[in-house]
Amino acid sequence: MGKKLEKGLKEKNASAVSQDEENPNKTPEPYSCTGNFQADFTELCRRNSMTYIPPIIPRARPPTVMGHTESGKPDKGKGKAPQAPVEPDPDPEQDLDGEGIEAPPKTFTIKEKFEYFKPSVQVEMENFDKPDTVTEIYIRGWKIVEPIMEIFKQCWPKMAKLHTINLWNCGLSGEVITILASTITEIPEMRNLVLDGNTVVEENWHELMGEESPIQNLSLRHCGITDKGAEQIGQALGSTKRCNTKLISLNLSGNRITDVGAEHIALGLRMNRNLMSLSLASNFIGDKGASKIAEILSRFPLTHEEVVERRKHFSEKDFPERNKSPPGSRRDGSKDRPASVRSQSHMDKDKKGSKASAKKKDPKGKDAKEEEKHDKTKKKEKEDKTLTKKESRGTKGDKSGTVGGRSSGASIAADTKGTKGKGKGKDKTKQAAQEVEDLSGGEVVNPLTDVADFIDGQLWVSGNRVLINLNLSRNKIAESGMNNLLKAMQYQTTILMDNKSGGTGLMRIALLKNKISQEHDVMRKLNDIMLHKDPYYKQPPQTPDVQSTT
């Protein structure tokens, strides 16, 4: 009897467990990610009842030679443990005829048919023994839909060392881009994002460049970006209200950007002083777009909106108490009656005293009001004078212009000749103003506060000298666009002779395969200027004959 009871209890427990497992209506407890990408991703996919769960595999690396380190040098040093003896290779197998069968190569592995084309997630790790040290994620060639991106949104923020995400040709949509933009802001060490080969109809790439985005290197090659997307990207780069202060490198090569899109990106570079590398190769940019970019690299006139923001900035800097609210009256804290209501006894006293002294106080009150008005107008005139002194530097008679200027007809070379003859005192004022800005704190550089020249009724400021790498290869730029780029480089070289605090200027520019020959005179001059600015340029060694003549 006892054995039968034990059997019955075991069967009841087993049936109860099976019922719990087979009950689909039971809601599972919410899963909290631990930072182990493989375990978290697999569990979340299982909970979403996915038929196929992509495996997470380490990214393939080239094989290393035994006894050598990754740098290619043999291991040396004392105190190392003795290595185990290398086992000799087994004898090659022989077929029926007695001939040796060639052993399979050791540099790669053979997998089943179509195994290579199945979706997988490749990862780079600091330590392959620790699954929570994933630093880079690579997904290639399979479509990422919203449910998968929602799973990634739960996993990636918990990964403390993740800094690179590469989604190549993944068929991303506008909704997936929006989810990705909200996800990267929560990843603590996120820096690099590569989305090459993804054509998005909505073209909402600007969401990846928001104020809270930590992305430093963004690659959008061959994404079918048109002038519509370029306009939004330009606005995200910079405007009079806000600027992107994190992005360092932007790659937009292989898209459909024309002169209109290039002008919008150039407008973003007016106020942006953080982007250092920009690639617009393999697009449809012509002379107009190249001239607009050249204008931003040399100097440009401020618009009315930018002048207003400049005045606001100077007024807030010189008069910080202007925007403060006035202190409240002594009756503000009283609960019995409001401050604007006067008591009846006080009003009676005023009536009695006003009959005797009305004639004497009226003219004095008028005079006081007039004096106050006069003082206010004087203060405003003084403030306006100080602002105009800061904005202009006494170049009223100069009528030279820049490349692509609105009302100027002369070249930049004429501007540079005029600036060479200016006094040394103004250079000292420049240095002093820049030292004050440096001492004010590690704030973002605002080009609106830069020293300006007053020419033909407009304020002209120096262009972008933070951008050091520009790629315009394989476009439709002809002689006029190249000529404007040449003048911009000439202007930067002359400016850098006097002042290097605003940046080094453009150091590398790629202009291959445009509508102008490399043997053209303009291209030769441009290459000669940029050759000595290239940081990788090395002067050829001098022969003994040349040294003897020198």
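Remember, predicted model here, so these are calculated numbers, not experimental data. Heavy-atom basis, side chains included; hydrogens, waters and symmetry copies ignored.
- Put simply, the side chain of Asn169 never gets that close to the backbone of Gly141: no donor and acceptor are under 3.5 Å apart.
- Met507 CE: more than 12 foreign heavy atoms inside a 6.0 Å radius.
- The side chain to side chain contact (heavy atoms under 4.5 Å, CB included) with Ile293 is formed by just one residue from the set Ile265, Leu280, Asn464, Leu278; it is Leu280.
- Judged by distance alone, with hydrogens and angles left aside, the side-chain atoms of Glu202 form a donor-acceptor pair with the main-chain N or O of Gly174 at under 3.5 Å.
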Chi angles and distances behind the side-chain contact (heavy atoms from CB on, under 4.5 Å) call for Met209, Leu247:
CA-CA 8 Å; Met209 304 163 57; Leu247 193 63; 3.8 Å; yes
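- Results of the salt bridge (Lys or Arg N to Asp or Glu O under 4.0 Å) test with Glu306 over Lys312, Arg270, Lys241 single out Arg270 as the only residue that passes.
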Can you list the steps and then say if Tyr138 with Val123 is a side-chain contact (heavy atoms from CB on, under 4.5 Å)?
CA-CA 6 Å; Tyr138 295 85; Val123 296; over 6 Å; no
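- Contact annotation: the side chain of Met50 never approaches that of Pro147 to less than 4.5 Å [non-hydrogen atoms, C-beta and beyond].
- Considering only heavy atoms from C-beta on, Trp156 stays 4.5 Å or farther from Ile184 through its side chain.
- Judged purely by distance below 3.5 Å, without hydrogens or angles, the side chains of Thr226 and Glu203 pair a donor atom with an acceptor atom.
- Ser298 and Gln492 are not linked by any side-chain donor-acceptor pair at a separation below 3.5 angstrom, with hydrogens and angles left out of the test.
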Mind listing the side-chain donor-acceptor pairs of residues 187-194 below 3.5 Å, one per line with the distance, residues two or more places apart or on another chain?
unit_1 : atom_1 : unit_2 : atom_2 : d
Asn192 : OD1    : Asn217 : ND2    : 2.6
Asn192 : ND2    : Thr164 : OG1    : 3.0

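- The environment of Lys158 atom NZ is sparse: at most 12 non-hydrogen atoms of other residues, nucleotides or ligands sit within 6.0 angstrom.
- Side-chain contact between Asn166 and Ile139: absent, with no pair of heavy atoms (C-beta onward) separated by less than 4.5 Å.
- Remark: Asn274 CG to Leu237 CG distance equals 10.0 Å, nearest 0.5 Å.
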Residues Glu207, Thr178; criterion side chain to side chain donor-acceptor pair (under 3.5 Å); working and verdict:
CA-CA 7 Å; Glu207 297 181 6; Thr178 302; 3.0 Å; yes
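- Donor-acceptor pairing under 3.5 Å is recorded for the side chains of Ser219 and Asp196.
- For the pair Arg242 and Glu211, the salt-bridge criterion is met [side-chain N within less than 4.0 Å of a carboxylate O].
- Looking at every heavy atom in both residues, Gly286 comes nearest to Ile477 through O-CG1, 3.9 Å.
- By the neighbour-count criterion of 12 heavy atoms within 6.0 Å, atom CH2 of Trp168 is sparsely surrounded, having that number or fewer from other residues, nucleotides or ligands.
- If you take NE2 on His313 and OG1 on Thr449, they are separated by 5.0 Å, rounding to the nearest 0.5 Å.
- In this structure, Asn204 and Ile177 approach most closely via the heavy-atom pair O-CG2, 3.6 Å.
- Atom CD1 in Ile248 sits 12.5 Å away from atom CG in Leu218 (nearest 0.5 Å).
- Looking only at distances, a side-chain donor or acceptor of Ser213 sits under 3.5 Å from a matching main-chain atom of Leu208.
- Ser291 and Gly481 make their closest contact through OG-CA, 4.2 Å (heavy atoms, listed as atom of the first residue, atom of the second, distance).
- One N or O on the side chain of Tyr52 and one on the backbone of Pro119 form a donor-acceptor pair closer than 3.5 Å.
- By the neighbour-count criterion of 12 heavy atoms within 6.0 Å, atom CZ of Phe117 is sparsely surrounded, having that number or fewer from other residues, nucleotides or ligands.
- Leu467 is listed as a side-chain neighbour of Leu506, based on a closest heavy-atom distance under 4.5 Å.
- Tyr31 places a side-chain heavy atom less than 4.5 Å from the side chain of Arg47.
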Hey, mind stepping through Gln518 and Leu512 against side-chain contact (heavy atoms from CB on, under 4.5 Å) and telling me if it holds?
CA-CA 8 Å; Gln518 293 294 318; Leu512 297 174; 3.7 Å; yes
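- Using a 4.0 Å cut-off between charged nitrogen and carboxylate oxygen, Arg46 and Glu43 count as a salt-bridge pair.
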side-chain contact (heavy atoms from CB on, under 4.5 Å) between Asp227 and Arg256, intermediate numbers included:
CA-CA 7 Å; Asp227 295 336; Arg256 306 172 190 170; over 6 Å; no
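- Atom NE2 of His264 is separated from atom NZ of Lys292 by 10.5 Å, given to the nearest 0.5 angstrom.
- A 4.5 Å side-chain heavy-atom check between Ile285 and Thr258 finds every atom pair outside the cut-off.
- For the residue pair Thr240 / Glu305, a side-chain donor-acceptor distance below 3.5 Å is found, with atom types taken as modelled.
- The main-chain N or O of Arg299 is never found under 3.5 Å from a side-chain atom of Trp460 such that the two would form a donor-acceptor pair.
- Checking side-chain atoms of Asn255 against main-chain N and O of Leu252 turns up a donor-acceptor pair under 3.5 Å.
- The backbone N or O of Met523 lies less than 3.5 Å from a partner atom in the side chain of Asn527, making a donor-acceptor pair.
- Note that CD1 of Ile257 is 10.5 Å distant from CZ of Phe284, once rounded to the nearest 0.5 Å.
- If you take CE on Met149 and CD1 on Ile179, they are separated by 7.0 Å, rounding to the nearest 0.5 Å.
- Between Asn484 and Leu486, the closest side-chain pair of non-hydrogen atoms is not below 4.5 Å.
- The aromatic rings of Phe37 and Phe152 lie tilted to each other, with the angle between the two planes from 30° to 60°.
- Side-chain N/O atoms of Asn283 and Ser253 include no donor and acceptor closer than 3.5 Å.
- A donor-acceptor contact closer than 3.5 angstrom is absent between the side chains of Thr133 and Asn127.
- Smallest separation of non-hydrogen atoms from Thr185 and Glu212: CG2-O, 3.6 Å.
- Looking at Lys513 and Ser282, their side chains never come closer than 4.5 Å, going by heavy atoms from C-beta outward.
- Annotation for Cys223 and Gly197: closest pair SG-N, 4.0 Å, computed over non-hydrogen atoms.
- The main-chain N or O of Val461 is never found under 3.5 Å from a side-chain atom of Asp450 such that the two would form a donor-acceptor pair.
- In the model, Ser473 has a side-chain atom that pairs as donor or acceptor with a side-chain atom of Asn471 under 3.5 Å.
- Counting all heavy atoms, side chain and backbone alike, Ile233 lies closest to Ile225 at CD1-CD1, 4.3 Å.
- One N or O on the side chain of Asn475 and one on the backbone of Leu472 form a donor-acceptor pair closer than 3.5 Å.
- Annotation for Lys288: atom NZ does not count as buried by contact number, only 12 or fewer foreign heavy atoms lying within 6.0 Å.
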